[in-house]
**Student:** 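I have a structure here, written as structure tokens, and I will follow up with some questions on it.
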Amino acid sequence: MKNIFGFFNTIKETILTRFSNDIGIDLGTANALVYIKGMGVVIDEPSTVAFNSRTGMIVAVGHDAKEMIGRTPEHITTERPIVDGVISNFEIAGEMIAYLINKAEREFSGKFTLFGPRVVIGVPSGITNVEARAVRDAAIDAGARKVYIVEEPMAAAIGSDLPVQSPRGTIIIDIGGGTTDIAVISLGGIVNSKKITIAGDKFNRDIETYIKEKFKIIIGENTAEALKINVGAAIAKSDRKGVAKGRDLITGLAKEIEVTSVDMKAAMKSSLDTLLSAVKEVIETTPPEILSDSLDSGIYISGGGALINGLHLLISKHTKTPVKIVDEPLLAVVNGTGVILENPEEYKEAILREEDETQITI
Ligand SMILES: Nc1ncnc2c1ncn2[C@@H]1O[C@H](COP(=O)(O)OP(=O)(O)OP(=O)(O)O)[C@@H](O)[C@H]1O
Ligand SMILES: [Mg+2]
């Protein structure tokens, strides 16, 4: 009897795999990425949704929506589904997930499907059950037949090929747009972690505030981000320069100013100090056996924030430990969802919440 069930299960799995997609999603604060098993990363777009507040209709998602920030008439509003590491608007989050799944299936997979996809979604660490359920429901509503949820630092470590299953600890700091997740991973699970809402977005706001106070110029969010990327520096030794265009607070007219990496470092100093304190706190509260092994291997940093000029050196200096930027910092989480899709059984411990398949009769 058992054999017969096993046989039918194998046939069922073969048919499901043949006629459905496996999709990995990193629904980040700043960027949303999608991975299709067998194809790699197929979508990489800003997590932005623009909608018409008069009609309630979505007018653009992703790149098109981000372009609209600060340029739209009043009734067109742009929103991001996740702000500061929490889902700020469940409806918008649902729309974004549906957009990503549908786009991946329609435009990229090229596979004839009879069943909904299996989906692995990376979410900020420490999300509440209500949020996890909302993410799961959104994916089911968008047609997913099975949903696995994984915390972002875990996915980032898996996607960066770090030894998460080993009893030797691994320390990873994922510095995204909304949150910095500091996690110590051992035996496939997170053993110690801390999440702070100091990450790329906060650095952008710091730069806006600094430029306003020092130069009496108002710059937009996208300009602040460009300065952070092109001129930004976490250490004093950088001599990068750049030009920012904004509106003069006094005359109200457009004005151009030159900013240097010294300005950028000053702008981000207080936030960087908070980030360093959080890293130290995690180190101080990790069991000593795990800690000594992990420090031997060094600290890994991922996420777009890991690319801030000199940040790895700053963290290294303060922790007295080598710090390495993972190979593909912006893709680490979505790559991790891809690895989990290849072998969900192996990463059981890493999966936060596994939902049962919805009713399928084959
Ligand atoms: N070269 C770079 N230098 C500095 N910052 C960068 C660079 N490239 C991207 N970033 C920043 O990285 C952030 C986005 O990183 P990432 O895509 O990892 O975040 P996310 O996954 O969307 O957010 P979260 O993980 O917090 O939900 C943005 O704030 C962006 O400005
Ligand atoms: Mg992220």
Side-chain angles (χ1 to χ4, degrees), residues 24-35 41 43-49 62-63 66 69 80-88 93 96-97 100 121-127 131 135 150-160 172-183 193-208 220-235 238 240 242 261 264-265 267-268 271-272 275 278 300-312 314 325-337:
I25 298 177
D26 170 11
L27 183 62
T29 309
N31 299 304
L33 294 90
V34 179
Y35 182 108
V41 180
I43 300 176
D44 180 355
E45 298 206 32
S47 310
T48 308
V49 177
H63 288 302
K66 185 165 181 180
I69 292 178
R80 297 205 284 182
I82 299 183
V83 176
D84 289 343
V86 290
I87 298 179
S88 59
M96 187 89 214
I97 291 171
L100 296 171
I121 306 187
V123 295
S125 70
I127 70 164
E131 288 178 307
V135 168
V150 59
E151 289 175 290
E152 282 168 7
M154 173 61 85
I158 294 172
S160 305
I172 185 153
I173 309 174
D174 185 58
I175 308 159
T179 53
T180 293
D181 269 297
I182 307 148
S193 69
K194 187 173 172 73
K195 176 174 90 171
I196 55 168
T197 55
I198 302 239
D201 289 348
K202 175 68 170 72
F203 298 134
N204 296 349
R205 290 197 295 269
D206 289 342
I207 293 169
E208 278 180 64
E221 196 181 319
N222 290 348
T223 305
E225 182 175 37
L227 286 179
K228 175 185 69 180
I229 292 174
N230 301 318
V231 190
I235 47 159
S238 171
R240 305 204 294 171
S261 50
M264 295 295 102
K265 184 171 185 303
M268 296 190 287
S271 294
L272 288 171
L275 195 153
Y300 292 87
I301 57 173
S302 63
L307 293 168
I308 288 177
N309 189 264
L311 183 53
H312 64 298
L314 183 75
I325 305 172
V326 302
D327 280 346
E328 296 185 301
L330 285 154
L331 302 184
V333 171
V334 80
N335 284 341
T337 65

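Ligands are counted one by one from 1 in listed order, and the atoms in each one are counted from 1 as well. In what follows, residues are counted from 1 in the order of the sequence shown.
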**Student:** Tell me the contacting part of L330 for ligand 1: side chain, backbone, both, or neither, using a 4.0 Å heavy-atom threshold, strictly below.
**Tutor:**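 Answer for L330: side chain.
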
**Student:** Any idea which protein heavy atom is nearest atom 24 (P) of ligand 1, and the distance to it?
**Tutor:**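 Checked against all protein heavy atoms, atom 24 (P) of ligand 1 sits closest to T29 OG1, 3.4 Å.
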
**Student:** Is there side-chain contact between N335 and V41, with at least one heavy-atom pair below 4.5 Å?
**Tutor:**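 Side chain of N335 against side chain of V41, heavy atoms only: contact under 4.5 Å found.
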
**Student:** With a 4.0 Å cut-off on N to O distance, would you call K202 and D206 a salt bridge?
**Tutor:**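 Salt bridge present between K202 and D206.
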
**Student:** I'd like to know if E151 pairs up with K195 as an ion pair, taking the criterion as any Lys NZ or Arg NE/NH1/NH2 lying under 4.0 Å from an Asp or Glu carboxylate oxygen.
**Tutor:**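 Result for this pair is no, no salt bridge flagged.
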
**Student:** Sub-3.5 Å donor-acceptor pair from the side chain of S88 to the main-chain atoms of P81, do we have one?
**Tutor:**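 It does hold such a pair.
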
**Student:** State, yes or no, whether a side-chain contact exists between S302 and V333 at a heavy-atom distance under 4.5 Å.
**Tutor:**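 A side-chain contact is absent here, since even the closest heavy-atom pair is not under 4.5 Å.
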
**Student:** In terms of heavy-atom contacts, does CG of D327 have more than 12 from other residues, nucleotides or ligands at under 6.0 Å?
**Tutor:**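 Counting other residues, nucleotides and ligands, CG of D327 stays at 12 neighbours or fewer.
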
**Student:** Counting non-hydrogen protein atoms only, what is the nearest one to atom 28 (C) of ligand 1? Give residue, atom name and distance.
**Tutor:**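 Looking only at protein heavy atoms, the one closest to atom 28 (C) of ligand 1 is E225 OE2, 3.7 Å.
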
**Student:** Is the backbone N or O of D44 less than 3.5 Å from a side-chain atom of H63, with the two atoms forming a donor-acceptor pair by type?
**Tutor:**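 It does hold such a pair.
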
**Student:** Give yes if a backbone or side-chain nitrogen or oxygen of G178 is under 3.5 Å from a nitrogen or oxygen of ligand 1, and no if not.
**Tutor:**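 Such a contact does occur with ligand 1.
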
**Student:** Please list, in number order, the atoms of ligand 1 under 4.0 Å from a heavy atom of G305.
**Tutor:**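 Ligand 1 atoms under the 4.0 Å threshold to G305: 12 (O).
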
**Student:** Please give me the minimum heavy-atom distance between L27 and A32, naming the atom from each residue.
**Tutor:**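 Nearest pair, atom of L27 first, then A32: CD1-CB, 4.3 Å.
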
**Student:** With a 4.5 Å cut-off on side-chain heavy atoms, are M264 and I207 touching?
**Tutor:**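 With C-beta onward as the side chain, the pair touches.
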
**Student:** Below 4.0 angstrom from a heavy atom of G303, which ligand 1 atoms are there? Numbered from 1 as shown, please.
**Tutor:**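 Selected atoms, number and element: 18 (O).
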
**Student:** Who's the nearest protein heavy-atom neighbour of atom 23 (O) of ligand 1, and how far?
**Tutor:**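 Here the closest protein heavy atom is G177 N, 2.9 Å.
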
**Student:** Taking the side chain as C-beta and beyond, is there a heavy-atom pair between L272 and F203 under 4.5 Å?
**Tutor:**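 In short, these two side chains touch, coming nearer than 4.5 Å.
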
**Student:** Got the closest protein heavy atom to atom 25 (O) of ligand 1, with its distance?
**Tutor:**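 Answer, as residue, atom name and distance: E152 OE1, 3.1 Å.
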
**Student:** I229 to ligand 1: N or O pair under 3.5 Å?
**Tutor:**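 Between I229 and ligand 1, no N or O pair is found under 3.5 Å apart.
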
**Student:** Show which atoms of ligand 1 fall inside a sub-4.0 Å distance from at least one heavy-atom site of K228.
**Tutor:**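 Near K228, meaning under 4.0 Å from one of its heavy atoms, ligand 1 has 5 (N), 11 (C), 28 (C), 29 (O), 30 (C), 31 (O).
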
**Student:** Which is closest to atom 15 (O) of ligand 1 by heavy-atom distance: P46, G304, S302?
**Tutor:**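 That would be G304.
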
**Student:** N/O of T179 under 3.5 Å from N/O of ligand 1, yes or no?
**Tutor:**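 Among all N and O atoms of T179, at least one is under 3.5 Å from an N or O of ligand 1.
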
**Student:** Which of the atoms in ligand 1, numbered in the order shown and given with their element, are less than 4.0 Å from a heavy-atom of A30?
**Tutor:**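 Atoms satisfying the 4.0 Å criterion: 14 (C), 20 (P), 22 (O), 23 (O).
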
**Student:** Should L307 and L330 count as side-chain neighbours, where that means a heavy-atom distance under 4.5 Å?
**Tutor:**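 Answer yes - side chains close enough.
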
**Student:** Name the closest protein heavy atom to atom 21 (O) of ligand 1, giving the residue it belongs to and the distance to 0.1 Å.
**Tutor:**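 For this ligand atom, the closest protein heavy atom is G28 CA, 3.6 Å.
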
**Student:** Is there a heavy atom of I308 sitting under 4.0 angstrom from any atom of ligand 1?
**Tutor:**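 Judged by the 4.0 Å heavy-atom criterion, I308 does count as contacting ligand 1.
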
**Student:** Would you say E221 has more than 12 foreign heavy atoms packed within less than 6.0 Å of its CD?
**Tutor:**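 Incorrect, the count does not exceed 12.
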
**Student:** Which residue and non-hydrogen atom of the protein lie closest to atom 2 (C) of ligand 1, and at what distance in Å?
**Tutor:**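 Ranked first by proximity to atom 2 (C) of ligand 1 is L307 CB, 3.5 Å.
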
**Student:** Would you call G232 a ligand 1 contact, heavy-atom distance under 4.0 Å?
**Tutor:**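 Distance cut 4.0 Å: G232 fails for ligand 1.
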
**Student:** If you have a sec, work out which protein heavy atom is nearest atom 17 (O) of ligand 1 and how many Å separate them, to one decimal?
**Tutor:**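 Nearest neighbour among protein heavy atoms for atom 17 (O) of ligand 1, to 0.1 Å: N31 ND2, 2.8 Å.
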
**Student:** Which of the numbered atoms in ligand 1 are under 4.0 angstrom from any heavy atom belonging to G200?
**Tutor:**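 Near G200, meaning under 4.0 Å from one of its heavy atoms, ligand 1 has 29 (O).
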
